[in-house]
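Read through the structure below, which is laid out as structure tokens, and then see the notes.
Residue numbers start at 1 and run along the sequence shown.
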Amino acid sequence: MSRVPVPSSRTQTKPAKSPTTPARARTPVAPAARTRTTSTLSPTPTPTPRLRTKSTTKPVPKTKVEDLPPPPPPLSIKEAIALKRAEAKKTKVPGSGLAVESLEDAAPLTNEPAPGEDLYGRQSVKDTIERAMSTGHLNLATRNLPCIPSILFSIHLGVTADPLKSVPTEPPYGSDAPPSKKAAWFEAQDLKTLKIGNNEIIEVQPEISMFGSLKSIDMHKNRLTSIPESLGDLPFLAALDLSHNALTSIPAAIFSLPELTVLNVSHNALTALPFNAPFADGRFGSTHSASDFFTPAVNRSITPLPRLVTLEASHNKLRAEAIDSLHIPASLTKIDLSHNPLGIRNPATQEFVRNISSLHALTELRLGNAEIGDDAFPPDLTSNPVFMVLRILDLQDTAVTRDAILTALKGLQQHVTTEITAGEPPEGTLQVTVGKLIIKEPWEIEAERRQKARTARNTGDSGIDWGTTSTTGKGRNIEVVKEPWEIEAEQGLLSEGAKRRARAQAAAASATKVSTPSIPNKITPPKPQEKEAWEIEAEQGLLTEGGKRRARAEAALRAQEELKYYDEASKTLTLPPSAPPAKVGHFRGFSFAPTSSSFGAPPSPPLDIALPTPTLPLTAILAQPFAESLRSLTLVNRRMDRCFSLLMEDQPSLPNLEELDLEGCNLTDQVAVTRSDTPSATANPSRSNESLLPLVTRLFPSLQALNLSYNTLSSGCLTMEALSSLILCTSQRKGLRRLALRGNKFTELDGLKAIAELFKGHRDVPGWKLDELDLRDNEIGKLPPELGLLPLDVFLVDGNVFRVPARRIWEREGTKGLLSWLRGRIE
């Protein structure tokens, strides 16, 4: 018999049995019928398909398309990630083993953590305490704990702490399951650090003293109103932080801790610091033994806190008489008692300051915003050695004045200054903060110091001698020549209304003077007797030619002694300012009658005929004996004859001159030059114009500081050649270190930009020594970014018209910040 399978009759007759059934109703059945038909037409005679055909003769149920559930929509990436997180969250919750099929099945996430779970993903309190057994450090900060967990004592010490009255029932601290990995006996360590700050702790268990190895305790930002006396039984405690609590007192045992170095009790309500309280009644000695024989002895100090270095007690209610300053620890280096009512005009405050000043190791004392006045710092404070190594004294926002504190500290070995910088003061300097705190950068203080020194040298008592190296006699004050508008500004006559009021007041005063009757009993002084000219000459011994010559020699000698311009000690020559003669107005008619303005105008200063009038009288200076050793030449505001008087030979002069000051001389790019062999060779020598910077470069080879501020120089003189020859050091020149170009008419800095490009790819340029460059108060419209390559210590650009970079760049970060900003803008 053949094993070829016969086609099924059901497969052939199925379409005829259901002619009225729609085609879409047969859709789910058609694939199965095609599969079986294909298998029966296979030419390979296999018995297995035949058996399967016979076993599947059961009719397939008919299902409508409308009854099938719609396929789920595809999830986006965000929904898929959220679904995975929800599944992970479900697995963490105990008793939830259900799978999450969609976001609708996932439980909504809440902000409340599950019981025993930390909001920040940290271990539970119990696990943290168990882990501290192997590390010796326990950190339970910021956990909203009402007290120190009692399980700490049971796990680490095996004792049960007595319940606190403020916390009768403690919250759960974790699961009751045994720890997964308990520290072995050889891995266990004593607890050394305990951090429980930023909690809600009101009371501390007395059993805290059983942790005898504790070295640091941090309980800041809690609600402590008291601490137990047993806290003073920790012999190795070195740091104790009780700040930001509500403490009103400290147990006396705390002041007998032998190893305590840092004590912070700031931001509390303390009213007293009794350092000697543990030793006043003799309760504590070097050791303290309990009544129990098995209780170990507690080591205590015999003096108050012998190793204390830092005391923070600010923002309390401490008065000077409540602080036991007589027994204050002598090892203190920093004391902060700011924001305390110490007391003004209180004798105890003065005694407190005297006791504090005797500490030999004190380097920082802060009393800012405290109630303290000038009476606390008497003028005789430094009669005994005080504040021997003090470096910071903070008295900001107090009633202490600057003059009083400087008078009280005038006998100190340190240099006392009120200029406050951001960093620590150098050795041998005492920074005193009085009034409002103003922090300055070091470069600002240095710039102000240099400006004050120059002002004092220009306008102060110089003690100089023109034409001789003798320094006998006192110097004279140089008279400052003022402009007419300055005189009018001082008299308040800048406006027309002010001038009219001044004329009206002068007229009223003259009318009052005329109308006042004369006093008849007034004694009229005798009229001086007029003498003939020969009588005056006879009295002065000038009748003979010899007497006249002697008088002229004496007058010349007196004039030479009065005019002192050279200082032998500093090798400095300072010539007085000179202004051009006032312009005479042009009138169509003239009269010999004096004008009204001649009566009120101040008398003009007498002109020194022996003093040369050129701005730089180099010919006259070279004739003096000090010319070879001159180091500094100051020619400020010499505008009468704006020229340089030089010798005929163009050669270097003044070989040791290091500083030249030509401020306010109204010089331009081209300066007039007169040449002669002697100061009085010709009456009117011929003049020629030469470039200012190259001329200065040739004349003074040792120049290191040049001040050309407040002249009329333009950008044309700042060429690459002129600046490089002036600034860079060569075999013939020492090189410039300070260049002041303030208050000129510079609009561009192409020459400086070209010099700065020499630093591209090079850290150093041979011969560069410039440290300070002053370009303030000019008309610079753009600051080239290449200037950031210049290695400058002081770079001043205030008062210009450019708007980029912003002013805050150099005000906040100084010269280094400005140069860094410019370097970042180089393309």
Closest non-hydrogen atom pair between P612 and A620, with its separation: CG-CB, 4.1 Å
Search all heavy atoms of L770 against all heavy atoms of W768 and return the closest pair with its distance. O-NE1, 3.3 Å
CD (E757) with more than 12 external heavy atoms under 6.0 Å: yes
Taking atom CZ of R631 as the centre, does the number of heavy atoms from other residues, nucleotides or ligands within less than 6.0 Å exceed 12? no
Salt-bridged, [X] to [Y], with N to O below 4.0 Å?
| X | Y | value |
| --- | --- | --- |
| K816 | E813 | no |
| E427 | R391 | yes |
| D771 | R738 | no |
| R812 | E441 | no |
| R366 | D336 | no |
| D777 | K745 | no |

Roughly how far, to the nearest 0.5 Å, is the [atom2] atom of [Y] from the [atom1] atom of [X]?
| X | Y | atom1 | atom2 | result |
| --- | --- | --- | --- | --- |
| R698 | L646 | CZ | CG | 9.0 Å |
| T417 | Q431 | OG1 | CD | 7.0 Å |
| L789 | K753 | CG | NZ | 11.5 Å |
| L430 | L390 | CG | CG | 5.0 Å |
| E364 | T310 | CD | OG1 | 8.5 Å |
| L752 | L773 | CG | CG | 6.0 Å |

Would you check if the side chain of [X] reaches a backbone N or O of [Y] as a donor-acceptor pair within less than 3.5 Å?
| X | Y | result |
| --- | --- | --- |
| R776 | G743 | no |
| T615 | R638 | yes |
| N744 | L708 | yes |
| S715 | E748 | yes |
| T429 | P425 | no |

Under 3.5 Å side-chain donor-acceptor pair for [X] and [Y]:
| X | Y | result |
| --- | --- | --- |
| S645 | T619 | yes |
| D403 | T401 | no |
| S714 | D669 | yes |
| D567 | S570 | yes |
| Q670 | S691 | yes |

side-chain contact (heavy atoms from CB on, under 4.5 Å) against P655, all qualifying residues, sequence neighbours excluded: E628
Return each pair, listed once, that meets side chain to side chain donor-acceptor pair (under 3.5 Å) where at least one residue sits in residues 798-808; pairs must be two or more places apart or across chains. D798-W810, R807-E811
With side chain to side chain contact (heavy atoms under 4.5 Å, CB included) as the criterion, how do L575 and T634 come out once you've worked through the C-alpha distance, each side chain's angles and the decisive distance to 0.1 Å? CA-CA 6 Å; L575 298 186; T634 302; over 6 Å; no
Salt bridge (charged side-chain N to carboxylate O under 4.0 Å, His left out) involving R823 - partner list, sequence neighbours excluded: none
Minimum side-chain heavy-atom gap L365-I356 below 4.5 Å: yes
L393 pairs by side chain to side chain contact (heavy atoms under 4.5 Å, CB included) with which of T433, V434, I405, V416? I405
